[in-house]
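All heavy atoms count here, side chains included; hydrogens, waters and symmetry mates do not.
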Amino acid sequence: MHCPLCGGSMSLPETNRVERAKCSEWKAIEKSVSVGDEYSGTVTGYYHLDSDAPMMFVLVEAGPLLFALAARVRPPLPKLGEEVSVRIIRINQERKQIFGRYLGLAKPWSELTENLAVGDVIGGVVIGHHRNLTFVRAMPEGYVVAVPCNGGTMPARGRYMAVSVKRVDRERRRVFGAFWSPRATEKNKEKNNTVGGEKIDD
């Protein structure tokens with residue numbers, strides 16, 4: 001198996017997942033990924049393990065995107081398959097490569113969303129779009145919320161939005177929501193005297 005970034009030989013436990021990283025077209029990736037962005041991903045392998053700072057390869061899944069990035073890391077090294085946090089520090093447009101900085105182990109998705117419930121309102125930043133969906137990364141937790149925009153105007157990438165949680169699929173690790181506004185909530189209260197399906201006490 002060869003590294004999708006540098007072409008070097010590497011040993012990976014999930015080579016099929018790394019190959020899947022090529023499924024996302026580079027045009028879609030470069031539109032949604034910027035230097036300074038932080039993501040969580042899965043450690044899939046190492047290159048130059050005999051060096052003081054080997055290259056760690058991380059597979060990131062962010063909304064509809066699946067891409068690989070490389071980051072230098074010093075011992076102790078994260079284990080293969082562990083979730084880590086990374087910050088993008090360089091994007092090589094010509095060679096279609098992404099490089100990051102290792103920030104530490106990431107909290108498991110189940111822990112990040114442990115107290116998340118339908119009706120909760122969270123804040124986050126728009127990280128991209130796919131078909132009729134807008135993807136918002138919850139801040140500071142980091143999980144991604146998919147928001148349908150059927151016929152509506154999609155907010156620009158980087159805009160901070162409030163989202164009301166509509167469904168949490170813990171088996172597939174997916175969160176779905178709708179854009180929230182105090183005006184819409186107040187209108188709903190006047191009409192039905194309910195918010196999120198629950199009775200509101202006057």
Q: Determine yes or no for a side-chain-to-main-chain donor-acceptor pair under 3.5 angstrom, with His129 supplying the side chain and Ala156 the backbone.
A: no
Q | Test item: Glu30 and Ile91 side chains (from C-beta on) under 4.5 Å apart, heavy atoms | A | no
Q | Non-neighbouring partners of Arg74 that pass salt bridge (Lys or Arg N to Asp or Glu O under 4.0 Å), sequence neighbours left out | A | none
**Q.** Test salt bridge (Lys or Arg N to Asp or Glu O under 4.0 Å) applied to Arg170 - qualifying residues, sequence neighbours left out
**A.** none
Q: Quick one: sort the Tyr47 and Phe57 rings into parallel, tilted or perpendicular, breaks at 30° and 60°.
A: tilted
Q. Going by heavy atoms in the side chains, are Leu105 and Ser85 under 4.5 Å from each other?
A. no
(Q) Under the rule for salt bridge (Lys or Arg N to Asp or Glu O under 4.0 Å), what residues qualify as partners of Asp169, not counting sequence neighbours? (A) Arg167
Q: State whether a side-chain donor-acceptor pair under 3.5 Å links Thr42 with Glu83.
A: yes
(Q) Please evaluate residues Ser40 and Tyr143 with respect to the criterion side-chain contact (heavy atoms from CB on, under 4.5 Å), reporting the C-alpha separation (whole Å), side-chain torsions for both, the decisive distance (0.1 Å), and the verdict. (A) CA-CA 9 Å; Ser40 61; Tyr143 58 83; over 6 Å; no
Q.
Under the rule for salt bridge (Lys or Arg N to Asp or Glu O under 4.0 Å), what residues qualify as partners of Arg87, not counting sequence neighbours?
A. Glu38
Q: Sequence neighbours left out, what passes side chain to side chain contact (heavy atoms under 4.5 Å, CB included) with Asn92? Give chain and number order.
A: Arg90, Glu94, Arg95, Gln97
Q | Minimum-distance pair of heavy atoms, taken over all atoms of Ser32 and Tyr39 | A | O-OH, 3.6 Å
Q.
Using a 4.5 Å cut-off between side-chain heavy atoms of Ile, Leu, Val, Met, Phe, Trp and Tyr, which other residues end up in the same hydrophobic cluster as Phe135?
A. Ile127, Leu133, Val144
